[in-house]
Colleague: 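Take a look at this one; I'll ask things after.
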Amino acid sequence: MNGPLNLAGGIAGASLPTKGCTERPVLRERGQREVFCGLTGIVWLHRKIQDAFFLVVGSRTCAHLMQSAAGVMIFAEPRFATAVMEERDLAGLADANEELDIAVTRLIERRPDIKMLFLVGSCPSEVIKLDLSRAAARLSERYAPDVRILNYSGSGIETTFTQGEDNCLAALVPQLPEVETAAPQLLVVGALADVVEDQFARLFDAMGIDDVRFLPPRRARDLPPVGASTRYLLAQPFLGETARVLEQRGASRIAAPFPLGAEGTTLWLKAAADAFGVDPMRFRSATAAAEARAKRALEPFRAELSGRSIFFFPDSQLEIPLARMLSRELGMQLTEVGTPYLHRQHLAEELALLPGDVQLSEGQDVDRQLDRARAARPDISVCGLGLANPLEMEGLTTKWSIELLFTPIQGYEQAGDLAGLFARPLDRKTRLRV
Amino acid sequence: MQLTVWTYEGPPHVGAMRVATAMEGVHYVLHAPQGDTYADLLFTMIERRSKRPPVTYTTFEARDLGTDTAALFQRTLISAYERFQPQAMLVGASCTAELIQDDPAGLAKASNLPVPVIPLELPSYQRKENWGAAETFYQVVRTLAGSGRAAVADADALKPLGSDGVPGNPPLPAGISPTRGEIVDVGAAPQSSMQDAKAQDDSGVRASSISPLVGEMPGRAEGGDAASLRSGQGDQLGPTEKNARRPSCNILGPTALGFRHRDDVAEIRKLLGEIGVAVNVVAPLGASPADIARLGEADFNVVLYPEIAGVAAKWLKRTFGQEFTTVVPIGHGATRDFVAEVRKLAGLPTEEADEAAEPASRLPWFSRSVDSNYLTGKRVFVFGDATHALAAARVATEEFGFTLCGLGTYSREFARDIRAAAERYGVEALISDDYLDVEAAIAAAQPELVLGTQMERHIAKRLGVACAVISAPVHVQDYPARYSPQMGFEGANVLWDSWVHPLVMGLEEHLLGMFRDDFEFNDAAVPSHLGSGVRVAAEPAVIAAPQMAEATLASAPADTLTTPEIWHVEAEAELRKIPFFVRGKARRNTEKFAAERGLSEITVETLYDAKAHYSR
Ligand code: SF4
């Protein structure tokens, strides 16, 4: 599937190409990674769950990462902070636990609005084996029922970038109430922009799926129930651990590609519709107008982006769904598509849609990968903030990958915005005469 | 554990990166997990550097911990050497690697690389970015600058200074950093800035100048006793023996990610050229290991940023007998003092007369210009690193005619200097790296202008107070495209423009006061020359911007501004007729006045009684 796909026809239920084989070769790299750690997820999660607070138990490095990764120092006190470990915390675990209790007490006194507190583990807390799950249990007892205290790891030795969200949601799963009905309900899993979530809720409603809940919820007190009758649909490709614990609770996954682009969104919605036995006519009528709008929005970008080559440095695990969308819906040429971690099962539908000749890579050796990018001279390189300007200076056009996490890109109404993110750097190149 | 929202300084290895990135031909191998690679973006995004920092991270993972992270470090070191072919390497550990104790120094030694490898021991759980930069620069200099002439044995340098150290920094527990035996909390040289100023007076420097150089880097035995190193003794070690040529100096301290370092260097280089002093080496910014090896050839050193270069300068003095400057040339007066000091160190005749006729910056005349009268006594809160805070305090008071209502720093190493200066200005010193403390202090001081860092800019915006940025931590905005030094005479011009610009101008201020009911003169109006924008009301604290809906904590300091019951409605209404930028002062004065007299209610009469009482 190298050539642009004919998008004129209907996509829903489109025949999947047989050429993209899921057993394609993957280049595995083990060198220097240039990816954030899982703490970074807090930057969006603390906005998503409005009455939750994230306390990183870490070092000054962790605090500095949070502040730098946020791009700007966010004005107003955010709902996250770092308990910065100091020499005396390293002297013994008893002391560290005591110090942590003091920090949490201070925090809860100052922020009575907090209903849920996440203790987020970091590399230093894990290396000294500070047991945050015990700390969370101990503190939960003290503050129940006003504040629920949970923990997860966002450390760089355990997680890359978006895996922090995965661990956070996985920590929420045991807290979810047991479902009380045998009728199937839909659980959409993965943090989405509020506006996107609302659009999806309306679409599901129009299809007649009325019991739809989202994880994470906007408020910690609105935890969705889960159980054997729950069917869950992943909205993000990096939620392996969350999926695993949801299945332990009896929920079952609806396999689907991810809702990026017009086609991706349709396939994603269709998978849910089929699982819930929605009548195909009703599905069409619920989605046709929005899908057509999305395609119209994509059209001008297709003219700009078709035939252009793109190279993905590994970052958010969104790379494969994005590559699929860009190649199929906008006709872009994929060179290398890197991902920090390849979840073959969750990405099976995506891999099947990828063209056959794309080079996939998993993990990273940044210097060698830079050599490959220089050799490939792609029209656009998608990379992290540390690499973007140096590549620009070498004459390569870049797109910061972090923007893909901080911008609503999922769903029909955002398909054009998503394409725009990739078109803008090229547009800019052609405008500038300096 | 310290509960931290925002930090003023990064961890010490970021300081080391600032030195490594500033230099040429150096590569730093950092034993660190993958998330720590975020530090690259500080340089490539905030400073817009066009090259990646010369840093290779081992990015070890949890699964490596069980096996052999030491071997990973060694492999990474060797392949980084092969790929980048540096002339010297730095090796060290970030906070996490410090805990696993792989001993990068020993591993580097065992690797037998054909270039000098400088091991860095930066205690992450105790020290911060500037300390890390100072230590790294010191180690680079010590390793690469050679031994020079007979080292001056300095007994004082090894003398522990006892208990008056930095609070909250207990000694390292055993096993964290076994080789670092010399940890001594050296608070500061046992000499107050007042005495210091006198000492400088003797050496021809104006008494009012306050040098931040008295501060020592704690934990660094090389710190020594600054009193024994004062420039007054410089004469006998002067450059007479080398007088056949132009006197020369090194410029020490500028790094990557510094606040206007590049422009400061250009300005000071120009100034030195005008005086007739040649610049031998600038370091670390732009210096190669070979340049560092030439440091000893200069007659003396110019220390621009004592936080970073102070320790190295003292070592160079002991090793090569090079004197160093103690005046930081920020502001018109300090630049003149700096010129005098440089002339003295260079053995050049003092030269003063024609300066008065033709001042080298426009600041003196602009400040004397009648339209600047409105600046008189404006309340200014100063916060930043010690060097910039001290300099700003002097410039604000002596050169702008402001009144200092607060002075503080996050550089605990220089707490003593700031305390001494604050005492001179009659304000309380704020020594804190807790953003929330600083916010509370600013809200309480009710300044009309804040001179601070990007953090204080946020605070000031929220409180509706004007602000100019004078110090790191930096933001992309602190790297302007235009030439914009803080130092030297052009720097004084820049200070003038950037500090006056945010203020409401003279006549506009009067009109705002006279016609409070004009609908366009409401509190939300910003100074006319600042274009569109919404001023965030200081009272009550309501934060309007969309992403900051929750103001629970943020409002805490501002709560002190809300009206106590005591105000009569009419008095309250009258108070609102006073322009917002002086209203806080009026409110505070009136409440103080009422409290002192035990009044249970503030009426319009009380308001004006208080006004009469406080106006002189
Ligand atoms: S990689 Fe580890 S030490 Fe570094 S910021 Fe992330 S959690 Fe903290």
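Computed from a prediction, not measured in an experiment: that's the story for all the values here. Naming convention: chains lettered A, B, ... in sequence-line order (proteins, then strands); numbering from 1 in each chain.
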Colleague: Check this for me: does any side-chain nitrogen of one of B:R18 and B:E129 sit under 4.0 Å from a carboxylate oxygen of the other?
Modeller: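 B:E129 and B:R18: salt-bridged.
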Colleague: Does any backbone or side-chain atom of A:V57 lie under 4.5 Å from a heavy atom of chain B? Answer side chain, backbone, both or neither.
Modeller: side chain
Colleague: With chain B as the partner, which of A:S59, A:P124, A:G58, A:A63 has the greatest number of non-hydrogen pairs under 4.5 Å?
Modeller: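 Ranked by heavy-atom pairs under 4.5 Å with chain B, first place is A:P124.
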Colleague: Heavy-atom distances under 4.5 Å only: say whether B:V476 touches chain A with side chain, backbone, both or neither.
Modeller: neither
Colleague: Below 4.5 Å from any heavy atom of chain A, which atoms of B:T44 appear? Answer side chain, backbone, both or neither.
Modeller: both
Colleague: Which one of A:C123, A:C37, A:A81 has the most heavy-atom pairs closer than 4.5 Å to chain B?
Modeller: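 Highest number of pairs under 4.5 Å: A:C123.
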Colleague: A:W44 ring centre to A:R47 NZ or CZ under 6.0 Å, with the angle to the axis within 45°?
Modeller: no
Colleague: Can you tell me which portion of A:V35 sits under 4.5 Å from chain B's heavy atoms? Options are side chain, backbone, both or neither.
Modeller: both
Colleague: Measure A:L391 against the heavy atoms of chain B and call it side chain, backbone, both or neither at under 4.5 Å.
Modeller: neither
Colleague: Enter the distance from B:L3:CG to A:T82:OG1 here, rounded to the nearest 0.5 Å.
Modeller: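 Atom-to-atom, B:L3:CG and A:T82:OG1 are 8.5 Å apart.
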Colleague: Tell me which of these, B:R48, B:R63, B:R49, B:R52, has more heavy-atom pairs under 4.5 Å with chain A than the rest.
Modeller: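 Sorted descending by pairs with chain A, the first entry is B:R52.
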Colleague: Classify the angle between the aromatic ring planes of A:F36 and A:F161 as parallel (below 30°), tilted (30 to 60°) or perpendicular (above 60°).
Modeller: perpendicular
Colleague: Go through the atoms of A:L100 and report whether side chain, backbone, both or neither lie under 4.5 Å from a heavy atom of chain B.
Modeller: both
Colleague: Looking at CG of A:L385 and OH of B:Y38, how far apart are the two atoms once the value is rounded to the nearest 0.5 Å?
Modeller: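 Taking CG in A:L385 and OH in B:Y38, the distance rounds to 13.5 Å.
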Colleague: Among A:L55, A:L39, A:D371, A:L370, which residue forms the greatest number of heavy-atom pairs with chain B at distances under 4.5 Å?
Modeller: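 With the most close heavy-atom pairs to chain B, the winner is A:D371.
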Colleague: Between A:F80 and A:H46, what is the ring plane arrangement, given parallel below 30°, perpendicular above 60°, and tilted in between?
Modeller: perpendicular
Colleague: For chain B, which of A:Q32, A:M393, A:R30 has the most heavy-atom pairs under 4.5 Å?
Modeller: A:Q32
Colleague: Is it true that atom CZ of A:R368 has more than 12 heavy atoms of other residues, nucleotides or ligands lying nearer than 6.0 Å?
Modeller: no
Colleague: At a heavy-atom separation under 4.5 Å, does A:D367 approach chain B through its side chain, its backbone, both, or neither?
Modeller: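 Both backbone and side chain.
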Colleague: For chain A, find which of B:A32, B:P53, B:A62, B:P33 contributes the most heavy-atom pairs closer than 4.5 angstrom.
Modeller: B:A62
Colleague: Supply the atom-to-atom distance B:E135 CD to B:N130 CG, rounded to the nearest 0.5 angstrom.
Modeller: 13.0 Å
Colleague: Would you mind checking which part of A:D51 comes under 4.5 Å of any heavy atom in chain B, side chain (CB onward), backbone (N, CA, C, O), both or neither?
Modeller: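 The answer is neither part of A:D51.
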Colleague: Would you say B:S124 and B:E98 are linked by a side-chain donor-acceptor pair, where the criterion is simply a distance under 3.5 Å?
Modeller: yes
Colleague: Heavy-atom distances under 4.5 Å only: say whether B:Y8 touches chain A with side chain, backbone, both or neither.
Modeller: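 Interface part for B:Y8: neither.
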Colleague: I need the residue from B:K51, B:E61, B:Q34 with the largest number of non-hydrogen atom pairs under 4.5 Å to chain A.
Modeller: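 Between B:K51, B:E61, B:Q34, the count favours B:Q34.
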Colleague: What's the spacing between A:E126 CD and A:S155 OG if we round to 0.5 Å?
Modeller: 3.5 Å
Colleague: Please state whether the side chain, the backbone, both or neither of A:T40 comes within less than 4.5 Å of a heavy atom of chain B.
Modeller: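 For A:T40, neither part sits under 4.5 Å from chain B.
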Colleague: Closer than 4.0 angstrom, basic N to acidic O: yes or no for A:R88 and A:D95?
Modeller: no
Colleague: Against chain A, label B:S94 side chain, backbone, both or neither, depending on which of its atoms sit under 4.5 Å from a heavy atom there.
Modeller: neither
